[in-house]
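Okay, structure first, notes after.
All figures in this text were calculated on a predicted structure; none of them were measured in a lab. To find a chain, count down the sequence lines: A is the first, B the second, and so on, and within it residues start at 1.
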Number of protein chains: 2
Amino acid sequence: MGITERREREKQELRDKILDKAREILIKEGQENLSIRNIATAAEYSPATIYLYFKDKDEIVYELMEMGFALMVEDLQEAFESSDPVERIRKIGHGYVVFGLKNPEWYQVMFNAPQPIQHLEKCKEEWGRGISLFEFLVETCQEVIDQDRTTVREARLLALHMWSTVHGLVNLALTQRLEMVEQGGGPDLISKTIDSVMRCIFK
Amino acid sequence: MGITERREREKQELRDKILDKAREILIKEGQENLSIRNIATAAEYSPATIYLYFKDKDEIVYELMEMGFALMVEDLQEAFESSDPVERIRKIGHGYVVFGLKNPEWYQVMFNAPQPIQHLEKCKEEWGRGISLFEFLVETCQEVIDQDRTTVREARLLALHMWSTVHGLVNLALTQRLEMVEQGGGPDLISKTIDSVMRCIFK
DNA sequence: CAAATATAATGAACAGTGTTTAGTAAAGTC
DNA sequence: GACTTTACTAAACACTGTTCATTATATTTG
């Protein structure tokens with residue numbers, strides 16, 4: 001059945017094209033301009049057609065979130081490969097913040113947007129890539145604890161501490177709250193804060 | 001001129017009424033339902049009338065942010081009065097997170113919404129109450145440093161560290177990311193995390 | 001090849017959003 | 001009572017997500 005195969009393939013291709021245009025709009029014009037109509041125009045189809053390939057807008061945002069995680073993992077690859085667990089955590093933390101500041105639109109979709117999470121509730125899938133990243137951090141924290149290089153005793157708690165701090169930093173910076181209290185609230189301040197956090201946690 | 005005074009007073013009263021209805025909608029129906037039309041209907045006026053009292057929606061959100069800070073300061077009053085600076089920081093941190101989790105709509109407006117900040121840029125005013133809160137935290141951190149109860153040497157850095165962590169925690173919880181990695185990601189986990197952070201920072 | 005059928009795509013509508021403008025109705029002034 | 005100022009609103013514009021009946025295309029069947 002070569003014909004049905006071709007149709008299947010064409011269907012997949014259009015789905016991919018829609019996602020690709022969505023990605024372009026997200027990056028170039030921001031999340032506030034990521035509308036079904038804009039996506040449809042970019043893909044040269046009518047808005048209604050989008051709904052033949054995606055249940056709703058949330059499903060598109062969910063797919064973009066997945067893409068974002070792939071990009072982030074790529075960015076953090078070098079950090080993951082550090083042999084020293086403390087250095088690994090420092091590099092992950094720093095890389096995490098840099099990714100967030102350099103890719104604000106991706107970051108919003110991945111860590112702040114409610115849509116992808118609501119989509120998960122509906123489909124009962126899992127926040128796969130996000131969990132993987134966190135679990136890797138937990139494992140690294142466990143290594144640090146095993147090496148007795150921190151006073152914290154629980155790996156999950158330590159990982160959550162790190163995540164909260166970098167997530168908080170990125171969000172404060174992205175929502176312009178950081179520059180409200182610190183004029184030159186740039187990457188310098190963020191680096192200093194991460195270093196300070198690291199010194200607090202590790203011996 | 002009693003008439004112009006009355007008219008001035010009536011103008012102020014309607015402005016207050018609009019803000020009050022906006023507050024009610026924010027709390028009861030959430031930020032996604034805080035529309036000019038909903039506010040106008042609640043105040044029993046046409047949508048266009050709102051624009052005679054506020055430049056745009058952002059200005060209303062900005063006023064709501066100010067209200068939110070007043071509420072938060074009230075909530076944190078007890079924490080502010082602790083004589084021991086370390087205890088003060090712990091209580092502020094805990095109170096901050098509790099406020100965020102109990103008042104998600106206020107929290108979004110105060111710390112995540114872009115509107116009030118954009119409004120500030122236009123009007124060149126200041127994020128007054130937010131800055132006051134942060135500066136108080138900085139002063140308390142300085143006390144802790146002076147008492148030599150932490151290894152961190154810079155008060156502003158320490159304050160930012162604390163703020164980032166609690167802000168990150170609240171946001172992870174509010175956007176359902178916390179429960180993605182920790183099933184029972186309730187207030188218990190958050191308390192434990194704050195305690196862990198405090199132990200790391202203070203001797 | 002033509003007719004019937006299955007599939008794909010869309011135009012138009014619905015209910016909502018923020019915002020502007022022209023016009024009306026009421027209140028105050030002379 | 002006539003004029004002017006103020007307060008208010010209906011209607012429109014340009015958007016948003018989403019649905020559904022209709023149309024056009026492609027494939028299968030007679």
Inset, instruction - Could you tell me whether B:Asp195 and B:Lys192 have a side-chain N and a carboxylate O separated by less than 4.0 Å? - result: no
Legend entry - Any A:Tyr107 side-chain heavy atom under 4.5 Å of A:Asn112 side chain: yes
Inset, instruction - Quickly work out the B:Asn38 CG to C:dA15 C1' distance and round it to whole Å. - result: 12 Å
For nucleotides 7-10 of chain C, list the nitrogen or oxygen atoms of the protein found under 3.5 Å from its nitrogen or oxygen atoms, one pair per line.
| residue | atom | partner | partner atom | Å |
| --- | --- | --- | --- | --- |
| C:dT7 | O3' | A:Arg7 | NH2 | 3.0 |
| C:dA9 | OP2 | A:Tyr53 | OH | 2.7 |
| C:dT10 | OP2 | A:Ser46 | N | 2.9 |
| C:dT10 | OP2 | A:Thr49 | OG1 | 2.5 |

Inset, instruction - To the nearest Å, give me how far apart CD1 (B:Ile39) and P (C:dT17) are. - result: 10 Å
Inset, instruction - Using a cut-off of 6.0 Å, state whether more than 12 heavy atoms not belonging to B:Glu74 lie near its atom CD. - result: no
Inset, instruction - Using atom CG of B:Asp58 as one end and atom C1' of C:dT19 as the other, report the distance to the nearest whole Å. - result: 12 Å
Inset, instruction - Please state whether the base of C:dG18 and the side chain of B:Arg37 form at least one donor-acceptor pair under 3.5 Å? - result: yes
Inset, instruction - Before accepting this row, confirm whether a basic side-chain N of the pair A:Glu182/A:Arg177 lies closer than 4.0 Å to the acidic partner's carboxylate O. - result: no
Inset, instruction - Check whether more than 12 heavy atoms from other residues, nucleotides or ligands sit under 6.0 Å from atom CD of A:Glu10, and answer yes or no. - result: yes
Legend entry - Side-chain donor or acceptor of A:Asp56 paired with backbone N/O of A:Glu59 under 3.5 Å: yes
Inset, instruction - In whole angstrom, give the distance that lies between atom CD of B:Glu13 and atom P of D:dA7. - result: 14 Å
Inset, instruction - Round to the nearest Å and state the distance from B:Lys57 atom NZ to C:dG16 atom C1'. - result: 12 Å
Legend entry - B:Arg199 bridged to A:Glu154 by N-O distance under 4.0 Å: no
Legend entry - Interatomic distance where CD belongs to B:Glu10 and P belongs to C:dA27 [whole Å]: 10 Å
Legend entry - Distance, nearest 0.5 Å, that separates CD of B:Gln77 from CG of B:Asp75: 10.0 Å
Inset, instruction - Look at B:Glu87 together with B:Arg149 and state whether they make a salt bridge at an N to O cut-off of under 4.0 Å. - result: no
Legend entry - Residues from residues 20-36 of chain B lying under 4.0 Å of DNA chain C - heavy atoms: B:Leu34, B:Ser35, B:Ile36
Inset, instruction - Round to a whole Å and report the spacing from CG of A:Asp56 to C1' of D:dG17. - result: 9 Å
